[in-house]
Every structure is written in structure tokens, then in C-alpha cells.
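Structure first, then comments.
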Amino acid sequence: MSAQDLPMKVPAPGLPARVRIHEVGARDGLQNEKETVPTEVKAEFIHRLAAAGLSTIEATSFVHPKWVPQLADAEALFPLLGDIAEAREVSLPVLVPNERGLERALALGARSIAVFGSATETFAARNLNRTVDESLAMFEPVVARAKADQAHVRGYLSMCFGDPWEGAVPVARVVKVAKALMDLGCDELSLGDTIGVATPGQVTELLSALNAAGVPTPSIGVHFHDTYGQALSNTLAALQHGVTTVDASAGGLGGCPYAKSATGNLATEDLVWMLNGLGIETGVDLASLTATSAWLAEHLGRPSPSRTVRALTPPPSSSPTRSE
């Protein structure tokens, strides 16, 4: 058996046949970089991700540049991506915080948008400068307008499993806010383990509670950070529950600028390696994806945090030392 035969495909019972990866590296990943990545590099990154087979690539954020300067070029970037959606049938969601952000996105032809809420009051105050209820009130006209324009709407919910200021987050509180987001008209819900403290039992408990509250599993995605090395095990727990949408970031980029204890997202390559081994289809070419993350790591000037990228990428060649 050669390395090309790895990982061996050994399906496990009770898992979905196919998983849709919601790629967040170009938005959630790059927004956390200290240095702003040039617009042309971002566009090339997204084109490479699409060529690797990713069908959902979160492109950018229409947040005011004052709050996320790394994504201040949204108006310049989005027009550079039009060929992707047309030629490859790739969805390019964008994050919008309010009606003004939505107007900017729709004016450029965005057909999929996301709003981002919090399950905890402290994070809502720090991230949105509002209470949880005030943020939901802000999202209401945004979702209504987006749906009127026949745009797909995703609702992100942060701090679903733990908060750096408030500690453990009760499941009932998460369910309440999640249900409120869905009741606004969101098409799907992404459950965020923003600081990476979740464990598989928590994941199963929350998913079961959401189902009991009327939120169906097909409308739920999961978004794990790998702070304690639990992202893949938490993902497997979600798959066992029937979840088929998993957020991941190429090369493991990301964190959260408003929660300093948040480390990188689940690396897309690590996720694809596991799913390949389980015989679950993703449509993603792992070699192409790995090459893309290695390419971006060179632009960022540091190695990729993804273990799969490091394992599959040859070390840089060095010239032998010549003795005089």
C-alpha cells in the first residue's frame, strides 16, 4: 500500500453519506490576521479553494472597516469572485452586521448572507455593543430584507458551549437564542464553540435540545475551534447525530478578535482527512486543498497550524553544507 492509498476508507455505521463543508478561512480566518492580506491574494485564495472542490466559501464581511480593518476591502474583493459562482456553482456567503452592511452586500450581487449573534450577554456587548435581545431586534429587518430579495440567510450563534467571561453557558439559554434566530427566518443555524471548550457530550446534549425545541437537524451546522484539541471529536459527535454541515477553515486559520482566548478553527484539511477515512463524500480534493493552504502560509510567513497540511507538505529543501 502506498501513501496515496491513505487514509484507508473504513465507514462507520450511522454517519451521513455526504457532508457539506462551509469554508470560513477567507473570512473568519483572515479577519484574525495582524497584517492585512492584499485583496489580490484573497481573491486568488478563494479561487484556489473553489478549484479544490469547496462548494461553500465564506468570502468576506461587510462590517464597518473600523471594527474589522482586515476585511475593509469587501467592495473591491467581491467583484473579483463573480466568475466562481457562475462557472463553478459555488456559494459565496458574506457576513453582514446590520441593514447598512446588507445593502452593501446586495448591491454587489451577494445571494447568501449571514448574521452573527451571541448566546451570552457579555460577548454580545463586546462584539455587537448590544444586549442579546437588542441584537436580535437589529437582525430582524436584515433577515426580512434578505429573504425578500430571495437571499439565503445563515444565523451564526457564538459562545454556545462556554464563554471566557461568563463560564459555562446553560443549554436552555443557547436554545432560546437559537430558536429566536430561526424564528426570524434564518435558513440555517451555525453553532459556534467560539473558545473551543466543548466536548462531545455537550454537543449531543445541545443538538438534542434544539431538536426538542423544533429546530431540525438538517438546518444545523457546527463550528468548532480546536483550543483543547476537541474539534474533530466534537465534529464526529455532530455527525453521529445527523449533522451534515460542518464549518472549517483552510489551514486552520482563525480565532476571534473579540475573544482573545479563541484559537484557530477546525482545519479543513484535518476534517477532510477524517471524512475521507470514514468514506464520507465532500467533493474536496485533499491534495489541491493542502497545496492551497501551504501557498497561503507562505504569504503569511508562517507554517500552517493544520496537522494534515504539515504531514502532507514536503519540508523546504535545503542545500547541503559544503566543507572548505
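All values derive from a computational prediction rather than experimental measurement.
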Can you name the nearest heavy-atom pair linking [X] to [Y], along with the distance?
X    : Y    : result
A297 : P303 : CB-C, 4.3 Å
S158 : F123 : CB-CE2, 3.5 Å
V174 : L157 : O-CD2, 3.7 Å
D187 : A151 : OD2-O, 4.1 Å
V96  : G101 : CG1-O, 3.6 Å
T199 : N234 : C-OD1, 2.9 Å

Roughly how far, to the nearest 0.5 Å, is the [atom2] atom of [Y] from the [atom1] atom of [X]?
X    : Y    : atom1 : atom2 : value
L80  : I46  : CG    : CD1   : 9.0 Å
H225 : I195 : NE2   : CD1   : 10.0 Å
L312 : L289 : CG    : CG    : 10.0 Å
H47  : I57  : NE2   : CD1   : 9.5 Å
E58  : L49  : CD    : CG    : 12.5 Å
K147 : I113 : NZ    : CD1   : 9.5 Å

Using a 4.5 Å cut-off on heavy atoms from C-beta on, say whether the side chain of [Y] contacts that of [X].
X    : Y    : result
L300 : V37  : yes
L30  : L253 : yes
V143 : L181 : no
H22  : S190 : no
P79  : L108 : yes
V24  : H223 : yes
L136 : E140 : no
T204 : Q240 : no

Quick check: is V309 connected to V272 through a chain of hydrophobic side chains (ILVMFWY, heavy atoms under 4.5 Å apart)? no
For a side-chain contact (heavy atoms from CB on, under 4.5 Å) with L210, tell me which candidate from V175, T217, V171 qualifies. V175
Matching residue for L278 among V10, L236, V19 - test: side-chain contact (heavy atoms from CB on, under 4.5 Å): L236
May I ask you to check whether N98 and H64 show a side-chain donor-acceptor distance below 3.5 Å? no
Side-chain H-bond candidate by donor/acceptor type, E166 with T122, under 3.5 Å: yes
Candidate pair E269 and S293, rule side-chain hydrogen bond (donor to acceptor under 3.5 Å, both in side chains), full reasoning: CA-CA 9 Å; E269 296 80 7; S293 290; 2.4 Å; yes
Taking D226 first and then R307, would you say they form a salt bridge - that is, a charged N and a carboxylate O separated by under 4.0 Å? no
Ionic contact status for E121 with R173, cut-off 4.0 Å: no
Walk me through it: do T235 and L239 pass the test side chain to side chain contact (heavy atoms under 4.5 Å, CB included)? CA-CA 6 Å; T235 298; L239 297 178; 4.3 Å; yes
Please state whether the rings of F62 and F78 are parallel, tilted or perpendicular, taking 30° and 60° as the class boundaries. perpendicular
With side chain to side chain contact (heavy atoms under 4.5 Å, CB included) as the criterion, how do N127 and F116 come out once you've worked through the C-alpha distance, each side chain's angles and the decisive distance to 0.1 Å? CA-CA 9 Å; N127 191 28; F116 50 99; 3.6 Å; yes
Go through the steps for R111 and L106 under the test side chain to side chain contact (heavy atoms under 4.5 Å, CB included), then give the verdict. CA-CA 7 Å; R111 303 310 309 150; L106 293 178; 4.2 Å; yes
Donor-acceptor contact present, side-chain [X] to main-chain [Y], <3.5 Å:
X    : Y    : value
S304 : G251 : yes
R20  : T244 : no
D270 : M274 : no

Chi angles and distances behind the side chain to side chain contact (heavy atoms under 4.5 Å, CB included) call for T245, R154: CA-CA 12 Å; T245 298; R154 164 178 259 225; 3.6 Å; yes
With a cut-off of under 6.0 Å to the ring centre and 45° to the axis, is R27 in cation-pi contact with Y156? yes
Apply the side chain to side chain donor-acceptor pair (under 3.5 Å) test between E23 and each candidate in T268, T56, N265; give the one that qualifies. T268
